Amino acid sequence: MKHPYIFGIRHLSPAGAWHLRNFLREKNPKLVLVEGPCDFDDTLVWLSDHAVQPPIAVLAYTKDAPVRTILYPFAEYSPEYQAILWCKENKKECRFIDLPSEVFLALPEYGPGGKSADKGEEERMNVYELLDKQAGEDGHETFWERTMEHTSETEGYRRGAEIFGSELRALEEDGAVDRPEILVREAFMRKKIEEAVASGVAPEEIVVVTGSYHVAGLLDERAAAMTDKELSSLPRLEASHTLMPYSYYRLSTRAGYGAGNKAPAYYSLLWEAFSRGDFSYTARCYLSRIAGYQREHGNPVSSAQVIEAVQLAAALAKLRGENPVPALRDLRDAAVTCLGGGSISELTLAAADTEIGTAIGFLPDGVSRTSIQDDFYRKLKELKLEKYRGATQQELSLDLRENRKASTQKAAFLDLNRSFFLHRLRVLGISFATQAMTRQDNATWAEHWSVRWTPEAEIELVEAALKGDTVAQAASFCMKERVEQAPNMGEAARVIEDAFDCGMTEAAAYATAALQAMAVDAASVVDLSAVAGSLSVVLQYGDIRQLDSAPLVPILQQIFFRACLILPGECVCDDEASKAMAAAIERLNSVALAHDFLDVAAWNEALREVAERDDLNTKLSGYAMAIRLERSLADGEALRLEVRRRLSRGVPADLGAGWFEGLAMKNRYALIARLSLWESLDEYLETLDDEEFKRALLFLRRAFADFSAMEKDSIAENLGEIWGYNGQEVSEALNAELNVEEKELVESLDEFDFDF
């Protein structure tokens with residue numbers, strides 16, 4: 001069979017895009033076949049829409065979980081993209097001819113974000129390294145740029161790309177053509193070419209646009225096209241696809257995109273240079289942008305320095321080869337020398353901005369997308385969040401209160417509805433916005449978010465399409481799943497909190513019903529405290545969200561009272577478990593202080609019992625005593641008596657020191673000010689023998705471990721007063737650096753035998 005014209009390209013090549021357009025203009029084909037999944041043909045009308053602004057990508061994804069995805073990105077200077085535009089401009093037919101995406105997604109070598117770097121890719125990188133050494137360049141990017149991107153002749157580029165791909169195949173020791181997916185892809189593309197010819201289009205009226213690596217494979221007379229039987233035997237996963245904006249950063253190799261280049265924004269300058277017919281444009285624009293960035297960030301750069309840099313770049317290009325056009329390496333070296341004072345670190349940010357860039361593509365309304373994408377972008381517009389859809393992180397502060405100066409209800413609650421939307425995205429795990437700060441004590445109406453669009457957020461959005469057609473539906477489905485799978489009451493309560501944050505009363509009601517059912521069964525104080533804490537937050541801040549939280553009141557009352565009843569019994573625990581119990585006690589105490597409809601008398605009685613009983617974990621007893629002191633439920637005399645009882649002769653040292661540790665966990669400044677406490681502690685330590693003292697000292701070291709230097713200084717002054725010495729001198733002595741002998745004594749405590 002006579003072959004059609006085959007134009008080999010690199011997937012992100014300004015020169016390839018420019019010369020391909022020239023080639024198409026010259027051959028004027030009826031049909032252009034482009035490497036890309038053949039089921040993407042329905043996106044061609046959108047890809048060629050005049051309102052579309054690259055970079056953009058076609059995302060294919062499986063319809064069933066776990067979701068697998070592959071991306072096919074296009075920059076303005078992608079040859080495939082320019083081929084699609086040329087066909088639209090000249091009313092010619094265009095088709096994709098690679099394997100359908102459902103096959104790619106089923107291949108093990110492909111996964112999220114595109115093809116993985118398998119053994120074959122590593123072998124190819126070894127070939128590139130060999131190529132770099134042969135060419136004497138610092139990387140194959142530079143070799144390719146000097147050899148191909150500065151080519152001014154269309155046929156020269158075409159032949160060069162074909163030879164490059166052919167030689168690359170030959171250099172690989174094992175031969176990439178032996179890799180199954182390469183054989184399968186090229187056999188399928190041959191099938192699509194034969195089908196095009198069979199449909200009545202003459203070979204000479206067809207131009208095939210494919211990666212230069214595949215040219216030799218498609219021209220190989222020994223290779224056969226794929227049969228229908230072979231095609232039907234390929235693995236498949238049911239898949240869909242959608243268009244999405246993309247970014248220059250994600251196009252770059254720094255982001256891990258295997259077919260990317262190091263400098264997408266710089267390659268865009270190369271494309272502009274071709275469009276202008278002026279290769280010197282790239283150097284002038286690159287160095288001017290470096291200078292502009294430096295000036296904007298307080299680093300003065302003169303026009304004379306830019307001119308010198310342009311001249312130096314041209315001179316470096318001549319030194320390194322016959323081509324007088326500077327490559328990126330030459331421009332960067334010139335920038336460092338003339339604009340950065342010889343230091344690359346001076347220009348790191350400027351270079352990243354100029355070479356990689358922050359450009360993000362744009363898709364107009366009406367472009368074929370999943371319904372949840374349409375809803376997302378509709379909400380961005382409705383909530384006036386479109387300006388935050390950028391690659392640079394921006395801060396967004398929200399005031400959830402009604403704006404009484406607004407002319408409409410929609411405007412009055414704009415920030416509140418923004419909060420609902422952002423929380424729904426958070427619940428879905430879509431990384432468009434991150435809550436930067438928690439609620440402030442005196443600003444229950446304030447929220448602070450960090451907002452930044454990324455291609456990853458778009459992929460997460462598409463994956464959420466499996467859960468609903470809108471962001472709200474998907475968030476509701478997600479919360480319902482969490483409730484159904486909730487391992488404990490705490491998780492169900494967190495769903496209620498999320499539902500209120502999202503402004504979704506139906507989800508809150510569903511989770512509340514599930515929580516009530518769980519509350520019938522026995523639960524630990526730790527679980528009950530977590531539930532009480534979540535419900536308390538909703539009740540405290542629910543009004544600001546214009547939602548009725550009243551149904552939660554009886555549930556919180558029930559849970560809180562149950563926690564009060566079982567608290568003393570659960571304080572019979574070991575030291576490890578006491579950490580979680582202490583946190584639970586603190587949460588319950590905060591809840592008790594926040595709501596006057598709770599049975600505070602029951603809570604006070606529970607605290608008293610825990611503080612006074614001798615058969616409980618002593619650290620928890622000490623902590624309960626600290627809370628009682630803080631809430632004026634116990635006075636100085638009660639503390640004095642409890643200290644004497646807990647720190648008396650005969651009480652095991654670990655129990656006494658453990659009680660003191662719990663006491664010191666709260667309201668330290670009030671404790672430090674109580675001189676009687678330190679007198680009692682001093683008297684207690686005086687009664688211990690050497691072994692008991694070592695045991696007590698180890699526990700007391702732990703109790704004082706996180707005291708600040710100022711707190712320790714105040715304690716030392718108290719002890720000085722008790723001992724009849726100058727407080728400042730005692731503080732200096734106790735805080736002085738230990739000598740060798742003292743250090744050895746302290747270190748020996750780590751090996752102390754507790755007879756456990």
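Note that this is a predicted model, so its numbers are computed, not measured. We number each residue from 1, following the sequence as shown.
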How long is the gap from [atom1] on [X] to [atom2] on [Y], to the nearest 0.5 Å?
X      : Y      : atom1 : atom2 : result
Met226 : Lys192 : CE    : NZ    : 11.0 Å
Tyr213 : Glu167 : OH    : CD    : 12.0 Å
Asp98  : Leu33  : CG    : CG    : 12.0 Å
Asp469 : Asp374 : CG    : CG    : 10.5 Å
Glu89  : Gln82  : CD    : CD    : 7.5 Å
Ser240 : Lys63  : OG    : NZ    : 3.5 Å

Whether the side chain of [X] engages the backbone of [Y] through a donor-acceptor N/O pair (distance < 3.5 Å, no angle test) should be reported.
X      : Y      : value
Ser252 : Lys262 : no
Ser232 : Lys229 : yes
Thr470 : Gln473 : yes
Ser199 : Ala196 : yes
Glu35  : Gly211 : yes
Arg424 : Cys502 : yes
Arg10  : Ala161 : no
Ser476 : Ala472 : no
Asp39  : Ser101 : yes
Ser166 : Glu162 : no

Should we say atom [atom1] of [X] is surrounded by more than 12 heavy atoms from elsewhere, each under 6.0 Å from it?
X      : atom1 : result
Lys30  : NZ    : no
Lys480 : NZ    : no
Lys379 : NZ    : no
Glu238 : CD    : no

Just wondering, do [Y] and [X] contact through their side chains at under 4.5 Å, heavy atoms?
X      : Y      : value
Pro37  : Leu99  : no
Ser13  : Tyr77  : no
Pro55  : Ile360 : no
Thr69  : Glu463 : yes
Asp49  : Val45  : no
Tyr246 : Thr454 : no
Lys92  : Leu31  : no
Phe164 : Met148 : no

With respect to [X], which candidate in [options] satisfies the side-chain contact (heavy atoms from CB on, under 4.5 Å) definition?
X      : options                        : answer
Ser419 : Asp501, Leu383, Leu398         : Leu398
Leu422 : Thr434, Asn417, Val427, Leu396 : Leu396
Leu47  : Leu85, Leu363, Val367, Ile56   : Ile56

Charged N to carboxylate O below 4.0 Å: is that the case for [X] and [Y]?
X      : Y      : result
Glu491 : Arg494 : yes
Lys191 : Glu230 : no
Arg169 : Glu186 : yes
Arg190 : Asp220 : no
Glu447 : Arg418 : no
Glu93  : Arg95  : yes

By salt bridge (Lys or Arg N to Asp or Glu O under 4.0 Å) - contacts of Asp375 (at least two apart):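 Partners of Asp375 by the salt bridge (Lys or Arg N to Asp or Glu O under 4.0 Å) criterion, ordered by chain and then number, come out as Arg378.
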For a side chain to side chain contact (heavy atoms under 4.5 Å, CB included) check, start with the C-alpha distance between Leu59 and His241, then their side-chain angles and the critical distance, and finish with the verdict. CA-CA 5 Å; Leu59 171 69; His241 55 265; over 6 Å; no
Give a yes-or-no answer on whether the side chains of [X] and [Y] include a donor-acceptor pair shorter than 3.5 Å.
X      : Y      : value
Gln435 : His448 : no
Gln373 : Glu458 : yes
Ser450 : Glu395 : yes

Kindly give the heavy-atom pair with the smallest separation between [X] and [Y], and that separation in Å.
X      : Y      : result
Ile97  : Met189 : O-CG, 3.3 Å
Trp271 : Arg21  : CH2-CD, 4.4 Å
Ala530 : Gly490 : CB-CA, 4.4 Å
Gln393 : Arg452 : N-CD, 3.4 Å
Ser431 : Glu460 : N-OE1, 2.7 Å
Ala492 : Ala486 : N-CB, 4.1 Å

Take Ile84 and Phe96, measure what side chain to side chain contact (heavy atoms under 4.5 Å, CB included) needs, and give me the verdict at the end. CA-CA 10 Å; Ile84 294 167; Phe96 288 115; 3.9 Å; yes
Which residue in the set Tyr72, Trp46, Phe74 passes ring-ring contact (aromatic ring centres under 6.0 Å, His included) when paired with Phe40?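 Among Tyr72, Trp46, Phe74, the one that satisfies the ring-ring contact (aromatic ring centres under 6.0 Å, His included) with Phe40 is Tyr72.
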Given Phe432, which partner from the list Tyr388, Trp453, Phe376, Phe421 fulfils the ring-ring contact (aromatic ring centres under 6.0 Å, His included) test?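 Of the listed options, the one satisfying the test is Phe376.
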Hey, which of Trp144, Trp18, Tyr267 is the one that makes side chain to side chain donor-acceptor pair (under 3.5 Å) with Glu149?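 In the set Trp144, Trp18, Tyr267, the residue that makes a side chain to side chain donor-acceptor pair (under 3.5 Å) with Glu149 is Trp144.
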Please step through side-chain hydrogen bond (donor to acceptor under 3.5 Å, both in side chains) for the pair Glu145 and Tyr266, ending with a clear verdict. CA-CA 11 Å; Glu145 184 185 354; Tyr266 168 74; 2.4 Å; yes
Is there a side chain to side chain contact (heavy atoms under 4.5 Å, CB included) between Thr358 and Tyr249 once you walk through the steps? CA-CA 7 Å; Thr358 58; Tyr249 175 75; over 6 Å; no
